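Worksheet: the structure to be examined is printed underneath.
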Protein chains: 2
Amino acid sequence: MSHTYRYPRPALTVDIVVFGLDAEDLQVLLIERDGKPFRGQWALPGGFVDVGESPDDAARRELEEETGLSEIFLEQLYTFGNPGRDPREHVVTIAHYALVNLNEHDVKASSDARNAAWFSINDLPKLAFDHSEILKVALDRLRAKVRYQPIGFELLPKKFTLRQLQHLYELILDRELDKRNFRKKVLATEIVKETNQFEKDVAHRAARLYRFDQRKYDRMTKQGFNFEV
Amino acid sequence: MSHTYRYPRPALTVDIVVFGLDAEDLQVLLIERDGKPFRGQWALPGGFVDVGESPDDAARRELEEETGLSEIFLEQLYTFGNPGRDPREHVVTIAHYALVNLNEHDVKASSDARNAAWFSINDLPKLAFDHSEILKVALDRLRAKVRYQPIGFELLPKKFTLRQLQHLYELILDRELDKRNFRKKVLATEIVKETNQFEKDVAHRAARLYRFDQRKYDRMTKQGFNFEV
DNA sequence: TTCGTTAGTGTATAAAATACACTAACAAGG
DNA sequence: CCTTGTTAGTGTATTTTATACACTAACGAA
């Protein structure tokens, strides 16, 4: 079956920059390309937008198909459509970025039998197409957004220590923060609530675990949120 | 001539929210629809993305074709692609927004012989498609962006008084600002430079004219720019 | 000459950001 | 069980930034 149009149309795809957090680094999920072009090179997960499907849905579907990830934070980033970005034909891609908590989401083998792996943002391979540029834009966006919207929490487990949270902010913003001022500021926003639990199996004094206050979180996500840490 | 693809493709368009400033209000440029659907209703200027053309180029081309505007500030906004947004078929649109100075750019009759007109953002007609939603997103973006990037200047003539600038900020942010604090803050950023000229033909003390410092402007556009007026 | 209107200026106060150092708790290892 | 290593947890003083606020100057119009 084929489809015919009066005028030529660019192909329309989605690509997703998936950020994850491990103990040491901010990471990005990449897929090893199977087909041409750029066979064997690493690329962002993504695929074609079906007719009748919103771009966001397409991004979620492709992400689940290629990596098994579902129900994660996902937002549109920017649309890249330079005619030369794909050597085969004019392909316009709606780039998205996603945040996942590595403890609670496993990346399973993809249905396409393509290889998926996490890479530190400080040690990235050469990427196919213009995916390096997309990744750079995503990282800039994440850095900018984390300052006025509490999205970074998506990268942490449900319960977390303030140290983990501070570490996350330090990784994203790429600079050190003052412990006392950070705690003061976070607690003042009231988007985290203390629990009566403490971390376990650590070779030092155990830190208290905190969790999000979902109600405050929703409110702050919509309204202004100043986090000039 | 027709074009055939293995899988169906959504149509790809651009739409542009053009903001302009007159003495009283922030305005938006709309086009009266000629063809179906929504014939006779007002809509954002826009059109199809050609194969081999970047979305930004498409937006500039369509804007020039439909309104005669060229060489203006234009940025990508967001891509809207809900399948139901166009009743005919699945059309994905890459929305842009643009800022023009009404004194230096005339909107000429469009080549399509369609009617173009400015509307105050406080008195908008019902718009075709999901264009009201696009306009709302554009306005939110403008309001947010003006606080950390000096883009508002694009709406003013080359030489302007500080009062005009303050008025612009008041219109965009929709609240009154303190004159002394505003002047203090603007001059502190050093993105405006005083000239030796003064406004003319005003029935009161003439105000000094200022102009952008393009070098500072470029630097501030890239780096942080905090304008919490 | 008066009136109306906007230009242009500084200071005091409040709020927010920053810099900074010690004691507490706990596990590991001798 | 005592010492060591490591991270948790806490407050205050200082600097910076934002805010609130009112008068004189200039100029055209009447």
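Chain letters run A, B, ... following the sequence lines, proteins first, then strands; residues in each count from 1. Predicted model only: the values in this text are computed from it and were never measured.
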* Please name all residues satisfying ring pair (Phe, Tyr, Trp, His ring centres under 6.0 Å) with Phe153(B), sequence neighbours left out, ordered by chain then number. => Phe212(B)

* Set of residues satisfying ring pair (Phe, Tyr, Trp, His ring centres under 6.0 Å) with respect to Phe73(B), sequence neighbours excluded -> none

* Structure fact -> Closest non-hydrogen atoms of Val18(B) and Trp118(B), given as atom of the first, atom of the second and distance, are O-CZ3, 3.7 Å

[X]: partners by side chain to side chain donor-acceptor pair (under 3.5 Å), with sequence neighbours left out:
X         : answer
Glu154(B) : Tyr217(B)
Thr79(A)  : Thr79(B)
Arg147(A) : Glu228(A)
His96(A)  : Asp56(A)

* **Where DNA chain D forms stems, i.e. three or more consecutive Watson-Crick or G-U pairs with both distances under 3.5 Å** => C:1-30 with D:1-30

* Pairs satisfying side chain to side chain donor-acceptor pair (under 3.5 Å), at least one member in residues 193-211 of chain A, at least two apart -> Lys159(A)-Gln197(A)

* Structure fact -> Applied to residues 128-142 of chain A, the side chain to side chain donor-acceptor pair (under 3.5 Å) test, sequence neighbours excluded, yields Arg85(A)-Asp130(A), Lys136(A)-Asp140(A)

* **Interface with DNA chain D, restricted to residues 190-205 of chain B and to heavy atoms under 4.0 Å** => Val202(B), Ala203(B), His204(B), Arg205(B)

* Heavy-atom contact window of chain B on DNA chain C, given 5' to 3' at under 4.0 Å -> dG4(C) to dT11(C)

[X] [atom1] to [N] [atom2], straight-line distance once rounded to whole Å:
X         : N       : atom1 : atom2 : result
Gln166(A) : dT7(D)  : CD    : P     : 13 Å
Leu177(B) : dA18(D) : CG    : C1'   : 13 Å
Arg175(B) : dA18(D) : CZ    : P     : 12 Å

* To do: State, without any angle test, whether Ser120(B) and Asp123(B) hold a side-chain donor-acceptor pair at a distance under 3.5 Å.
  => no

* Structure fact -> CG of Asn101(A) to NZ of Lys158(A), rounded to nearest 0.5 Å, is 8.0 Å

* From CD (Glu104(A)) to CG (Leu156(A)), nearest 0.5 Å -> 9.5 Å

* List in numerical order all residues of residues 179-188 of chain A for which some heavy atom is under 4.0 Å away from an atom belonging to DNA chain C. => Arg180(A), Asn181(A), Lys184(A), Lys185(A)

* To do: Report the C-alpha distance between Leu165(B) and Phe182(B) in whole Å, list the side-chain angles of each, state the deciding distance to 0.1 Å, and finish with yes or no for side-chain contact (heavy atoms from CB on, under 4.5 Å).
  => CA-CA 9 Å; Leu165(B) 185 61; Phe182(B) 181 83; 3.8 Å; yes

